> 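One structure is given below, represented as structure tokens, and several questions about it will come after.
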There are 2 protein chains.
Amino acid sequence: MLYSNMKNIKPKLIRLFKEGYCTPQIARIAKKIKEASTTIHYNIKRLEEEGAIKAYKAVFDYKKIDEGFCVFVFVKLTAKKGADPDKLLSEFARYEEVESADILAGEWDIILKIRTKDQDEYYKVLKNILALEGVEKTTSFISLKQIKTEFVML
Amino acid sequence: MLYSNMKNIKPKLIRLFKEGYCTPQIARIAKKIKEASTTIHYNIKRLEEEGAIKAYKAVFDYKKIDEGFCVFVFVKLTAKKGADPDKLLSEFARYEEVESADILAGEWDIILKIRTKDQDEYYKVLKNILALEGVEKTTSFISLKQIKTEFVML
DNA sequence: TTAATATTTGAATTTTGTTCGGATAAATAA
DNA sequence: TTATTTATCCGAACAAAATTCAAATATTAA
């Protein structure tokens, strides 16, 4: 028999946690570094006001959320007048599969870190990128094993 | 006159937030996706028990915490019997400046993403890496501009 | 169909975050 | 130096959120 998934909350949580919807554990930090929790609170607020903290988020075991395939992609842009690397990079960064996007110095213009379920899904994403106006060529480096991501050991 | 910083809590917070010491905002998520907060709680606990979530952490504006210099480093290992790439990668990952560490398929064996205050600091880290037994050569790609990191837009 | 398991939910409890005011320390100006 | 302003620290009171619990409902397995 076919059932409608009860609420199917898991994927919604994953989406939210990728970019935020977390918050500091003031009490735990206060205990850890042996200061008053109000002092910790004050210092965190200051960091946030300075803009030093962009988000509080979750780090996943990506294999367990169907994003186990990870690739570093270099992109070379076509050299022509009026081309805007920043604008193109914003296009790349918009994809939810793109974990990071940087402009580089040197022979390659851009590096992207992309996470997908598998090679097939990766190819679809890459195809979209290659199709964009301004992309001359790309080269991909497939990650065989990840032992640290986002400063977190796996 | 010279004063001792009162408590100097900021760097301690940054160190803790890089790897954890955060937690989900259950009430906010519940409101966002219009479910009972206890339902959200239940689903998050399940994700954690599955091991799908490795940590809750902060994402920084790295320029503002003196880690504005970012480099992708490829490492090639010396091909010899008994060499263990995994062991060497663990050595690399141990550095706090290393944001991510992966084993690659292809011409390069390892890619590291490294964050430091500036080029001088970066050179010190790289020197340590090059000094390790088993490293044949490296090549670095300097990030000129970061627009997305850890799935967070900057 | 029945039994076992997983998920959802509200009420009660516990824990945590936040505000506020005053104290202390540091930086700045006189 | 000394006076003044600003930044940081921290306890008490309060507000908000997380967690536990028990029961209802949905799903899966037998």
Side-chain angles (χ1 to χ4, degrees), chain A residues 1-67 117 150 152, chain B residues 1-67 117 150 152:
Chain A
M1 199 195 284
L2 240 161
Y3 297 93
S4 66
N5 257 19
M6 290 182 89
K7 291 286 177 96
N8 206 23
I9 291 182
K10 184 172 163 179
K12 291 176 188 168
L13 289 178
I14 291 171
R15 213 170 313 124
L16 292 178
F17 281 152
K18 256 194 193 170
E19 297 177 51
Y21 285 90
C22 298
T23 192
Q25 289 183 294
I26 295 176
R28 189 151 85 95
I29 294 167
K31 207 172 289 173
K32 169 84 175 176
I33 66 180
K34 295 188 176 64
E35 301 290 350
S37 74
T38 45
T39 302
I40 301 303
H41 181 268
Y42 171 82
N43 278 275
I44 290 174
K45 287 305 156 207
R46 232 172 59 79
L47 271 175
E48 291 172 357
E49 282 156 19
E50 284 172 12
I53 292 173
K54 299 298 290 183
Y56 301 103
K57 58 154 288 179
V59 176
F60 298 97
D61 185 334
Y62 291 95
K63 275 174 296 194
K64 295 194 175 160
I65 61 164
D66 278 343
E67 299 186 26
K117 179 174 161 48
E150 299 157 77
V152 175
Chain B
M1 197 193 284
L2 239 160
Y3 297 94
S4 66
N5 257 20
M6 289 182 91
K7 291 286 177 95
N8 207 23
I9 291 179
K10 184 173 163 178
K12 291 175 187 167
L13 289 179
I14 291 171
R15 213 170 313 124
L16 292 177
F17 281 152
K18 255 194 194 171
E19 296 177 51
Y21 285 89
C22 297
T23 191
Q25 289 183 293
I26 295 176
R28 187 150 86 96
I29 295 168
K31 204 171 293 174
K32 170 85 176 175
I33 65 181
K34 296 189 176 64
E35 301 290 349
S37 74
T38 45
T39 302
I40 302 302
H41 182 267
Y42 171 83
N43 278 275
I44 291 174
K45 286 308 156 204
R46 231 172 59 78
L47 271 175
E48 291 172 358
E49 282 156 19
E50 284 172 12
I53 292 174
K54 299 298 291 184
Y56 302 102
K57 57 154 287 181
V59 176
F60 299 96
D61 185 335
Y62 291 96
K63 275 175 294 195
K64 294 194 176 161
I65 62 165
D66 278 342
E67 298 186 28
K117 178 174 162 47
E150 300 157 75
V152 175

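A, B, ... follow the sequence lines: proteins, then strands. Residue 1 opens every chain. Only a predicted model underlies this, so the values are computations on that prediction, with no experimental measurement involved.
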> Does any residue of residues 40-49 of chain A have a heavy atom under 4.0 Å from DNA chain D, and if so, which ones, in number order?
A/Y42, A/N43, A/R46
> Report yes or no: does B/K32 contribute a side-chain atom to a donor-acceptor pair with the main-chain N or O of A/Y21 at less than 3.5 Å?
no
> Can you tell me how far apart CG (B/L16) and SG (B/C22) are? Round to the nearest 0.5 Å.
9.5 Å
> Can you tell me how far P of C/dG17 sits from NZ of A/K31, to the nearest Å?
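Going from A/K31 (NZ) to C/dG17 (P), I get 10 Å.
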> Without decimals, in angstroms, what is the distance between B/L13 CG and D/dT8 P?
13 Å
> For the pair made of NZ in B/K10 and C1' in D/dC9, what is the distance, rounded to whole Å?
17 Å
> Do the charged groups of B/K54 and A/E150 touch, with an N to O distance under 4.0 Å?
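No, no charged N to carboxylate O under 4.0 Å.
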> Can you check the A/M6 CE to C/dT8 C1' distance for me, whole Å?
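That distance rounds to 6 Å.
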> So how far is it from B/I14 CD1 to B/E67 CD, rounded to the nearest 0.5 Å?
7.5 Å
> So which one's nearest nucleotide on DNA chain C is more toward 5', A/I26 or A/I9?
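Its nearest nucleotide lies further toward 5', so the answer is A/I9.
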> Do any side-chain nitrogens or oxygens of A/T39 fall under 4.0 Å of OP1 or OP2 in D/dC10?
yes
> Whole Å only: how far is the CG atom of A/N8 from the C1' atom of C/dA6?
14 Å
> Would you kindly give the CZ-to-P distance between A/R28 and D/dT19, to the nearest whole Å?
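That distance rounds to 12 Å.
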> In whole angstroms, how far is the C1' atom of D/dA17 from the OH atom of A/Y21?
16 Å
> Just verifying a value: how many Å separate A/I26 CD1 and B/T23 OG1, rounded to the nearest 0.5 Å?
11.5 Å
> Measuring to OP1 and OP2 of C/dT9, would you say a side-chain N or O of A/K7 lies under 4.0 angstrom away?
yes
> Under 3.5 Å, side-chain donor or acceptor atoms of residues 36-53 of chain A against the rest of the protein: list the pairs with distances, not counting sequence neighbours.
unit_1 : atom_1 : unit_2 : atom_2 : d
A/N43  : ND2    : A/T39  : O      : 2.8
A/K45  : NZ     : A/E48  : OE1    : 3.2
A/R46  : NH1    : A/E50  : OE2    : 3.4
A/R46  : NH2    : A/E50  : OE2    : 3.4
A/E48  : OE2    : A/Y56  : OH     : 2.7
A/E50  : OE1    : B/K10  : NZ     : 3.3

